[in-house]
Amino acid sequence: MIRQQLAWFDPARIGHSGQCFRFAPLPEGGGWGLTARGRRLCIRPDGDGFLFDCTPEEWETVWYPYFDLDTDYEAFAAAVNPRDAYMTAAVACAAGVRILRQDPWETTVAFILSQQSNIPRITRNLEAVCRAYGAPFADREGNIWYDIPTPAALAAASEEELRALGLGYRAPYLRAAAARIAAGQPDLASLAAMPYKKAHAALLTLPGVGVKVADCVCLFGLHKLDAFPIDTHIRQMLDAHYKRGFPMRRYKGFAGVLQQYAFYYELYGGKT
DNA sequence: CAGGTC
DNA sequence: ACTGG
């Protein structure tokens with residue numbers, strides 16, 4: 001167990017920001033639980049800081065990078081044009097949200113499942129896929145959790161099995177994309193080193209991955225902060241507040257972070 | 001109608 | 001076009 005005081009870190013907001021679907025309130029309340037990188041982590045508020053149930057070594061090598069704590073999000077917030085009332089409000093509403101450094105394969109699976117769905121259903125579907133095809137592992141208390149299935153494990157599943165989990169028409173997309181990744185076409189590990197546009201183009205070749213899902217994988221799985229996914233909510237937001245276009249040049253290099261803040265604001269607007 | 005894709 | 005909040 002370790003204690004940390006962290007700037008711009010709000011687990012409650014990160015948990016339902018829609019970038020990660022395996023980050024949920026603890027059943028007993030008062031904290032958050034997360035399954036990622038083949039591990040389980042619990043986060044509990046402790047005065048002006050947080051308690052993390054991991055070793056200092058795990059914090060250093062796994063969770064500190066996962067939460068992207070080397071990046072200065074306050075600087076991104078400070079760069080917002082003060083005359084932009086909409087984005088100023090969005091950033092205030094989403095203060096404490098960071099872009100997690102999630103696994104690219106996990107985000108590929110999650111966002112293939114995300115199309116024409118909603119956060120509660122995506123969460124359920126992803127959990128069902130992990131339970132059915134993912135490797136079980138135990139936390140230090142002996143509780144069993146399930147990792148994201150390997151591409152090979154998902155490619156071996158039948159469309160009927162996947163539909164039985166409630167994935168609907170996304171089942172064949174997921175299966176076919178898994179087969180492609182298992183064959184190394186494309187090699188997800190190598191995408192991280194590519195510039196955003198090249199990585200985006202490679203992801204677009206996957207079945208069930210269009211412009212929007214590819215942008216989500218770039219932003220949340222490859223940490224390309226230039227990626228700016230445009231979904232139905234962001235489309236409405238752009239039409240309502242940026243009729244002359246979103247100022248991408250001004251926010252070059254981190255526009256995706258502001259996209260996430262606008263998305264959060266559209267969903268929860270002032271309620272958190 | 002839902003964080004779209006083919 | 002699956003399915004459910």
Side-chain angles (χ1 to χ4, degrees), chain A residues 13-25 86-87 90 93-94 97-100 102-104 106-129 132 154 157-181 185-186 196 200-242 246 255-269 271-272:
Chain A
R13 289 178 179 174
I14 294 171
H16 52 248
S17 67
Q19 61 175 303
C20 177
F21 302 98
R22 307 197 74 195
F23 195 135
Y86 176 83
M87 193 53 70
C93 178
V97 173
R98 292 171 170 274
I99 306 296
L100 303 175
Q102 299 185 75
D103 174 63
E106 172 169 348
T107 54
T108 302
V109 174
F111 285 95
I112 284 175
L113 297 182
S114 78
Q115 56 189 85
Q116 295 295 100
S117 189
N118 50 67
I119 293 177
R121 186 184 177 189
I122 300 162
T123 302
R124 274 207 328 277
N125 287 350
L126 185 60
E127 213 51 44
V129 165
L154 268 189
S158 71
E159 179 179 334
E160 293 69 37
E161 288 170 346
L162 293 174
R163 281 184 180 269
L165 297 180
L167 309 192
Y169 64 86
R170 303 162 195 82
Y173 291 153
L174 184 60
R175 190 179 126 72
R180 286 277 308 281
I181 299 302
Q185 297 177 353
Y196 158 57
H200 189 265
L203 289 166
L204 273 182
T205 68
L206 289 171
V209 176
V211 170
K212 189 269 176 182
V213 169
D215 270 323
C216 286
V217 175
C218 283
L219 181 56
F220 303 128
L222 298 170
H223 212 71
K224 305 297 183 194
L225 300 185
D226 282 323
F228 193 94
I230 298 177
D231 69 347
T232 161
H233 296 111
I234 295 297
R235 182 75 267 157
Q236 288 179 32
M237 178 282 286
L238 293 174
D239 291 344
H241 302 284
Y242 298 95
F246 190 78
V257 177
L258 300 182
Q259 182 277 354
Q260 186 61 10
Y261 294 164
F263 179 76
Y264 188 94
Y265 189 46
E266 291 296 309
L267 253 59
Y268 306 108
K271 290 195 279 289
T272 50

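Predicted, not measured: the structure shown is a model, and the values here were computed from it.
- Within 4.0 Å of A:Q259, counting heavy atoms only, lies at least one base atom of the nucleic acid.
- Nearest-nucleotide positions on DNA chain B for A:P120 and A:L206 put A:P120 closer to the 5' end.
- Checking the phosphate oxygens (OP1, OP2) of B:dG4, a side-chain nitrogen or oxygen of A:Q116 falls inside 4.0 Å.
- Between A:F111 and A:F21, the distance from one ring center to the other falls under 6.0 angstrom.
- Rounded to whole Å, the distance from CG on A:L174 to C1' on B:dT5 is 14 Å.
- Taking atom OH on A:Y261 and atom P on B:dG3, their separation rounds to 21 Å, with Å as the unit.
- The line from CG of A:L154 to CG of A:L174 is 5.0 Å long, rounded to the nearest 0.5 Å.
- Note on A:E159: nothing from the nucleic acid sits closer than 4.0 angstrom, heavy atoms only.
- Rounding to whole angstrom units, CD of residue A:E160 and P of C:dC2 are separated by 12 Å.
- Using a 3.5 Å distance cut-off with no hydrogens or angles, the side chains of A:S117 and A:R170 do not pair a donor with an acceptor.
- One interatomic measurement links the two molecules: CG of A:L267 to P of B:dA2, which rounds to 11 Å at whole-angstrom precision.
- With centroids closer than 5.5 Å and planes inclined by less than 30 degrees as the test, A:F263 and the base of B:dG3 pass as a stacked pair.
- Rounded to an integer number of Å, the gap from CG of A:L162 to C1' of C:dC2 is 13 Å.
- Between A:F111 and A:L204, the one whose closest nucleotide on DNA chain B sits nearer the 5' end is A:F111.
- Between A:K212 atom NZ and B:dC6 atom P the separation is 13 Å, expressed in whole Å.
- A donor-acceptor contact under 3.5 Å is formed by the side chain of A:R170 with the base of C:dC2.
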Apply side chain to side chain contact (heavy atoms under 4.5 Å, CB included) to A:L167 and A:V129, showing your working. CA-CA 9 Å; A:L167 309 192; A:V129 165; 4.0 Å; yes

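- In this structure, A:N118 atom CG and C:dG5 atom P are separated by 8 Å, rounded to whole Å.
- A close approach under 4.0 Å does not occur between any side-chain nitrogen or oxygen of A:T232 and OP1 or OP2 of B:dG3.
- For the pair A:R121 and C:dT3, the criterion of a side-chain N or O lying under 4.0 Å from OP1 or OP2 is not met.
- Here CG of A:L203 is found 7.5 Å from CD1 of A:I181. Values are rounded to the nearest 0.5 Å.
- For A:Y169, the side-chain atoms get nearest to B:dG4 when compared with the rest of B:dG3, B:dA2, B:dG4.
- Below 30°, between 30° and 60°, or above 60°: for A:Y268 and A:Y264 the angle between ring planes is between 30° and 60°, a tilted geometry.
- Residue-level contact check: A:Y173 touches the bases, meaning some heavy atom is under 4.0 Å from a base atom.
- Counting any heavy atom pair closer than 4.0 Å across all strands shown, A:P229 reaches a base atom.
- Contact between the side-chain N/O atoms of A:R124 and the OP1/OP2 oxygens of C:dG5 is found at a separation under 4.0 Å.
- A:G208 comes within 4.0 angstrom of sugar-phosphate atoms only, judged by non-hydrogen atoms across all strands, and of no base.
- Pair assignment for B:dC6: none, as no Watson-Crick or G-U wobble contacts are both less than 3.5 Å.
- Taking atom CD of A:Q236 as the reference point, atom P of B:dC1 lies 10 Å away to the nearest angstrom.
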